[in-house]
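Just so you know, these numbers come straight off a predicted model, no measurement behind them. Excluded from the calculations below are hydrogen atoms, water molecules and symmetry mates; all remaining heavy atoms, backbone and side chain alike, are included.
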Amino acid sequence: MGTAHRFQGREFPVVVFDTVEDDYGDGLWMAHASRAPTASAWSRAGVRLFNVAVTRTQNRLYIVGSRTRIVAAGEDTVLGALAELIRTRLVRTVPATRLIAPNAPADPGLGQFGSRLAEVLARHVEVTDVDDEITFYETFAARIAQARTSLWIWSPWTANRLVTLLPVLEDAVRRGVRVTIFVRDPFDQGQKRQTQLVERLRAVVPNVVRVYVMHQKIVVIDERIVLLGSLNSLSQSNSREVMLTISGAHFARKILAHEHAQDFAAPPKCGACRRDEVDLRRRRNGDWYWRCFNRACPGRKGNKAWEAPVRFSRRGR
């Protein structure tokens with residue numbers, strides 16, 4: 001990275017040339033670069049600088065600038081020459097709004113290089129909300145209501161707070177949103193008292209996964225919005241908490257991959273009793289496995305119960 005002068009005499013496969021020209025004022029050096037008979041020495045020097053910048057390129061050149069200023073430039077200016085290439089479609093233009101838009105879905109029309117650039121820029125995230133235990137649920141309910149494709153919730157415990165959320169969760173399921181909720185295993189002391197609530201939740205959301213000693217507090221919506229913090233979204237009552245709302249598709253996908261969301265979302269039935277009373281566990285060596293918690297399971301012998309390793313997809317490894 002440097003000015004065009006720094007790279008004079010050198011060449012590169014790919015060059016990104018930022019003209020540093022926006023829409024405001026009467027323009028900077030590149031806007032006035034011209035070989036018109038009345039051009040000043042400074043304007044003529046701008047032409048030479050532009051020439052140095054673009055001729056460093058061997059294969060691909062990206063020029064960053066104001067389209068408004070370029071297409072309005074005079075014919076005898078370097079930006080005017082660029083405008084003519086745009087009009088004759090000898091160069092391709094991509095609006096910045098198609099690249100730097102972390103909340104928008106991927107644009108299929110960007111092509112190979114534009115898509116790669118958009119993916120890099122999508123790694124930047126925006127913190128759109130910071131909520132406490134009082135303001136969070138208004139934000140949470142609104143986000144669930146806006147969900148269109150998927151909703152992933154990690155909330156260790158359930159409590160009476162869940163009752164107020166059941167209608168919006170049910171509505172999301174009815175709209176065709178894929179809803180997956182991870183909660184703590186049923187023999188946790190906090191969950192033992194809320195068995196009926198978990199069953200009410202399962203009646204509304206078909207995919208509720210029990211996880212042994214889980215403690216994550218995460219919500220991922222449409223693989224582009226993440227709610228992350230200390231607040232249990234299905235049980236919070238009196239404690240002081242904080243929850244961030246973070247927009248960014250790349251970040252959301254990273255969270256889902258880290259949590260093995262796709263692989264953990266499909267618990268098997270117990271191989272012995274054929275019931276769906278299994279929870280997800282992890283050994284000290286890091287191996288994940290499913291374990292039946294049905295006390296009447298014929299596969300149970302003392303403290304031993306039916307187990308099966310988690311089958312990871314290639315993407316989940």
Side-chain angles (χ1 to χ4, degrees), residues 1-128 224 246-255 257:
M1 180 181 291
T3 65
H5 308 89
R6 177 180 176 184
F7 300 110
Q8 191 163 1
R10 301 169 64 189
E11 291 185 345
F12 304 89
V14 179
V15 170
V16 179
F17 175 36
D18 187 352
T19 63
V20 202
E21 296 283 353
D22 57 25
D23 294 344
Y24 305 103
D26 60 353
L28 302 174
W29 201 359
M30 292 300 95
H32 295 280
S34 171
R35 285 180 175 168
T38 58
S40 66
W42 179 73
S43 297
R44 292 176 178 274
V47 176
R48 290 192 293 273
L49 179 67
F50 189 93
N51 181 64
V52 168
V54 301
T55 55
R56 300 310 92 206
T57 310
Q58 294 174 332
N59 300 321
R60 182 167 290 271
L61 171 66
Y62 294 94
I63 297 179
V64 182
S66 162
R67 182 187 177 95
T68 301
R69 186 176 294 283
I70 291 170
V71 297
E75 294 182 0
D76 54 1
T77 66
V78 293
L79 294 187
L82 185 56
E84 180 61 23
L85 293 176
I86 293 175
R87 281 190 288 270
T88 55
R89 299 187 178 182
L90 294 177
V91 299
R92 184 181 183 190
T93 62
V94 179
T97 51
R98 292 177 63 189
L99 297 173
I100 310 173
N103 294 328
D107 190 328
L110 288 176
Q112 176 184 357
F113 295 97
S115 296
R116 177 59 183 151
L117 180 57
E119 174 67 17
V120 172
L121 294 172
R123 298 179 186 184
H124 298 275
V125 301
E126 178 185 6
V127 177
T128 59
R224 63 185 182 86
I246 305 166
S247 294
H250 185 272
F251 178 67
R253 292 194 296 269
K254 279 286 189 181
I255 290 291

Notebook entry, point to check: Would you find more than 12 non-hydrogen atoms of other residues, nucleotides or ligands less than 6.0 Å from R44 atom CZ?
Noted result: yes
Check: Does R69 reach the main-chain N or O of Y24 with its side chain, forming a donor-acceptor pair under 3.5 Å?
Finding: yes
Note to self: Check this for me: R89, atom CZ, are more than 12 non-hydrogen atoms of other residues, nucleotides or ligands nearer than 6.0 Å?
What the structure shows: no
Notebook entry, point to check: Is there a donor-acceptor pair under 3.5 Å between the side chain of T19 and the backbone N or O of V64?
Noted result: yes
Margin query: Distance check, rounded to the nearest 0.5 Å: I70 atom CD1 versus D23 atom CG?
Written below: 10.0 Å
Checklist line | Minimal non-hydrogen separation, A73 against G80, with atom names | finding: CB-N, 3.4 Å
Check: According to the interplanar angle, ranging from 0 to 90°, do the rings of F17 and F50 count as parallel (below 30°), tilted (30 to 60°) or perpendicular (above 60°)?
Finding: perpendicular
Notebook entry, point to check: At what distance, to the nearest 0.5 angstrom, does CD1 of I255 lie from CD1 of I246?
Noted result: 7.5 Å
Check: Does the H32 side chain pair with the main chain of A39, one donor and one acceptor, at a distance under 3.5 Å?
Finding: no
Notebook entry, point to check: Shortest non-hydrogen contact from F12 to V15?
Noted result: CB-CG2, 4.1 Å
Note to self: For the backbone of M30 and the side chain of E21, can you confirm whether one donor and one acceptor N or O come within less than 3.5 Å of each other?
What the structure shows: yes
Item checked: Working for side-chain contact (heavy atoms from CB on, under 4.5 Å), residues L49 and H5 -> CA-CA 7 Å; L49 179 67; H5 308 89; 3.5 Å; yes
Note to self: If we check side chain to side chain contact (heavy atoms under 4.5 Å, CB included) with E84, which of these qualifies: T88, L82, I86?
What the structure shows: T88
Notebook entry, point to check: What is the minimum heavy-atom distance between S247 and T128, and which atoms define it?
Noted result: OG-CG2, 3.5 Å
Note to self: So does R10 get a backbone contact from the side chain of R56, meaning a donor-acceptor N/O pair under 3.5 Å?
What the structure shows: yes
Next item on the list: Could you pull out the closest heavy-atom pair between L79 and A31, with the gap in Å?
Entry: CD1-CA, 3.7 Å
Note to self: Closer than 3.5 angstrom, by distance alone: can the side chain of W42 be matched with the main-chain N or O of W29 as a donor-acceptor pair?
What the structure shows: no
Item checked: Heavy-atom closest pair, residues V71 and A83 -> CA-CB, 3.8 Å
Note to self: Suppose we screen for salt bridge (charged side-chain N to carboxylate O under 4.0 Å, His left out). Which residues come up paired with E11, at least two apart in sequence or across chains?
What the structure shows: none
Next item on the list: For V20 and L28, work out which heavy atoms get closest and say how close.
Entry: O-CD1, 3.1 Å
